[in-house]
Protein chains: 2
Amino acid sequence: MPANQKITNPPADRREQIRQLAAEMFFERGYEATTMRELAAAIDIKTASLYYFFPNKEEILFELIESVVRQLVLGAKHLVAREQTPEQRLAGVVVNHVVLHAMRPKESTLGDSELRSLTKQHLRTNVRHRDDYERVVVGVLEDGRAAGRFSLIDPKLTAYALIAHSSHVGTWYRANGRLSLEQVADAYVALALRMVAADSLPDDDVIRLVRDAQAFHEAFTE
Amino acid sequence: MPANQKITNPPADRREQIRQLAAEMFFERGYEATTMRELAAAIDIKTASLYYFFPNKEEILFELIESVVRQLVLGAKHLVAREQTPEQRLAGVVVNHVVLHAMRPKESTLGDSELRSLTKQHLRTNVRHRDDYERVVVGVLEDGRAAGRFSLIDPKLTAYALIAHSSHVGTWYRANGRLSLEQVADAYVALALRMVAADSLPDDDVIRLVRDAQAFHEAFTE
DNA sequence: GTCTATAACTAGATAGAC
DNA sequence: GTCTATCTAGTTATAGAC
């Protein structure tokens, strides 16, 4: 009676289990450096079994990367659709972005560092979705300017900067770190408002802005 | 008389040639996905010849990554050592960072995306150097605050954001793109000044600030 | 310095039994 | 669904001739 009894660990949702572990390992060692064997071992099945759920390794990566962008675009579009002041919209977009990256740092980061490993087809699809997102962010900035509330240095460059540094939160935020998720979100929103020169607001207003955005984000996410 | 005559392509500095091509290929396909065979082929020598110049693949990566951080720290420390206003220092640091990333996008980006592939030893070394750099940036921000010129949301978070989005310039800046390197540098400095709430300055002053920093950067770099 | 030849190994993926 | 067994190909790196 060797190792053939599984403590099983109900295969409840194997597919989901694979996705999660893959996210972790791709994030930590990199996609190319992670082998299907290691992934299978971590999950305590044999390599061949992985191929029952996914046709190949790249497909796992693609799913992980896409799920993040999808959520990002969805959240941002919902936020933008609401009747709001430009400041509220900007705060909403930043909170959406920061919270997602803080709470799903592994998947989020893959979309920034492992795009190269996607097939041409998959890459094109993903770039299209990322461009959608970028357009939403640029739109928020330009609408704010049109409304006379923002003074922009350069809409596109500002959007790039906003997205780049808000994504970066995934690499350093820790749930038990110096700053709580609320504080981090506050800080990034305040930073964003300064970048569009809209921070004549007192701090209290900034915080109220963030709370609103968070409430909406939570309501929307669940 | 087959392929044994080289058009040679003086091996003038083979080592440097390898570094450059490696930077390109690591950047484009990723470190793990680039093989020594392909690298050798691109340079038109045999795989074994690479090992005359580098003991292994990882050493090439390490050299590329280190050279960027070294330059970054060196530039920043020189800038900070000058007698300057906080605004001038901040502008100097941002210009140093942006110009380096715009002009050496491949090597620069490796330091953000391929750290995972370094050996433990090399990683430790590099992290130490990155921390040095971070401290310089945080120092500039805190000195500015101590001098009563900056109002900071959070020094460390602001430094992270500054570094993250200024590094990102390497991924989109093109020499023949919409914005010139000067314009890009202007924009990032202006953004940085807003982030520390020091932008009561008229635009002309911002531009003068950047020009000064660029002049120093050029003088220092050559 | 650059080559040929090859060692020693590991990768992703598939066939087909249970 | 999960397994065993295996194919095919590609990987880094080295030994030693020229």
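To find a chain, count down the sequence lines: A is the first, B the second, and so on, and within it residues start at 1. All values below were derived from every heavy atom in this structure, side-chain atoms included, with hydrogens, water molecules and symmetry-related copies excluded. Computed from a prediction, not measured in an experiment: that's the story for all the values here.
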Enquirer: Write down the distance between CG (B:D44) and P (C:dT2), rounded to a whole number of angstrom.
Expert: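 So the CG-P distance, B:D44 to C:dT2, works out to 11 Å.
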Enquirer: Give a yes/no answer on whether the side chain of A:R37 brings an N or O atom under 4.0 Å of OP1 or OP2 in C:dG12.
Expert: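 Checking C:dG12 against A:R37, no side-chain N or O comes under 4.0 Å of OP1 or OP2.
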Enquirer: Select one nucleotide: of C:dT4, D:dA13, C:dT2, the one nearest the side-chain heavy atoms of B:F53.
Expert: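 Selected nucleotide: C:dT2.
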Enquirer: If the cut-off is 4.0 Å, is A:R14 near the phosphate of D:dT2, judged by side-chain N/O to OP1 or OP2?
Expert: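 Checking D:dT2 against A:R14, a side-chain N or O does come within under 4.0 Å of OP1 or OP2.
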Enquirer: Take the protein atom CD of A:E32 and the nucleotide atom C1' of D:dT12, then report the distance between them rounded to whole Å.
Expert: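 Distance check: A:E32 CD to D:dT12 C1' gives 15 Å.
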Enquirer: Taking the basic N atoms (NZ, or NE/NH1/NH2) and the acidic carboxylate oxygens, is any pair closer than 4.0 Å for B:D131 and B:R128?
Expert: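 No, B:D131 and B:R128 are not salt-bridged.
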Enquirer: Rounded to the nearest angstrom, tell me the gap between atom CG in B:L50 and atom C1' in C:dG1.
Expert: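 Distance check: B:L50 CG to C:dG1 C1' gives 12 Å.
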Enquirer: Would you please indicate yes or no on a ring centroid separation below 6.0 angstrom for B:H168 and B:Y188?
Expert: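 Centroid separation for B:Y188 and B:H168: 6.0 Å or greater.
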Enquirer: What is the distance, rounded to the nearest whole Å, between atom CG of A:D13 and atom C1' of D:dG1?
Expert: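 Answer to the nearest Å: 13 Å.
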Enquirer: Can you tell me which nucleotide in C:dA15, C:dA13, C:dC3 comes closest to the side chain of B:A48?
Expert: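 Comparing C:dA15, C:dA13, C:dC3 against the side chain of B:A48, the answer is C:dC3.
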Enquirer: Roughly, in whole Å, what's the span from OH in B:Y52 to P in D:dA13?
Expert: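 Taking OH of B:Y52 and P of D:dA13, I get 19 Å after rounding.
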Enquirer: Starting from P on C:dT4, measure out to OH on B:Y51 and report it in whole angstrom.
Expert: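 For the pair B:Y51 OH and C:dT4 P, the rounded distance is 16 Å.
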Enquirer: Looking at B:F26, does the NZ or CZ of B:K106 lie under 6.0 angstrom from its six-membered ring centre and within 45 degrees of the ring axis?
Expert: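 The answer is no, since B:K106 fails at least one limit relative to B:F26.
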Enquirer: From the set D:dA13, C:dA13, C:dT4, return the single nucleotide nearest to any side-chain atom of B:K46.
Expert: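 Among D:dA13, C:dA13, C:dT4, the one nearest the side chain of B:K46 is C:dT4.
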Enquirer: Distance check: side-chain N/O of A:S49 vs OP1/OP2 of D:dC3, anything under 4.0 Å?
Expert: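 Checking D:dC3 against A:S49, a side-chain N or O does come within under 4.0 Å of OP1 or OP2.
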Enquirer: Under 4.0 Å between a side-chain nitrogen and a carboxylate oxygen: does that hold for A:R178 and B:D154?
Expert: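 Judged by the 4.0 Å cut-off on N to carboxylate O distance, A:R178 and B:D154 do form a salt bridge.
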Enquirer: With respect to the phosphate group of C:dG12, does any side-chain polar atom (N or O) of A:K57 fall under 4.0 Å of OP1 or OP2?
Expert: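 Indeed, a polar side-chain atom of A:K57 lies that close.
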Enquirer: Rounding to an integer number of Å, can you tell me how far B:M36 CE sits from C:dT6 P?
Expert: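 Between P of C:dT6 and CE of B:M36: 21 Å.
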Enquirer: Just the rounded figure in Å: distance from C1' of D:dG1 to CD1 of A:I18.
Expert: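 Distance check: A:I18 CD1 to D:dG1 C1' gives 11 Å.
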Enquirer: Between A:L39 and A:I60, is any pair of side-chain heavy atoms under 4.5 Å apart?
Expert: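 They are in contact (side-chain heavy atoms under 4.5 Å apart), so the answer is yes.
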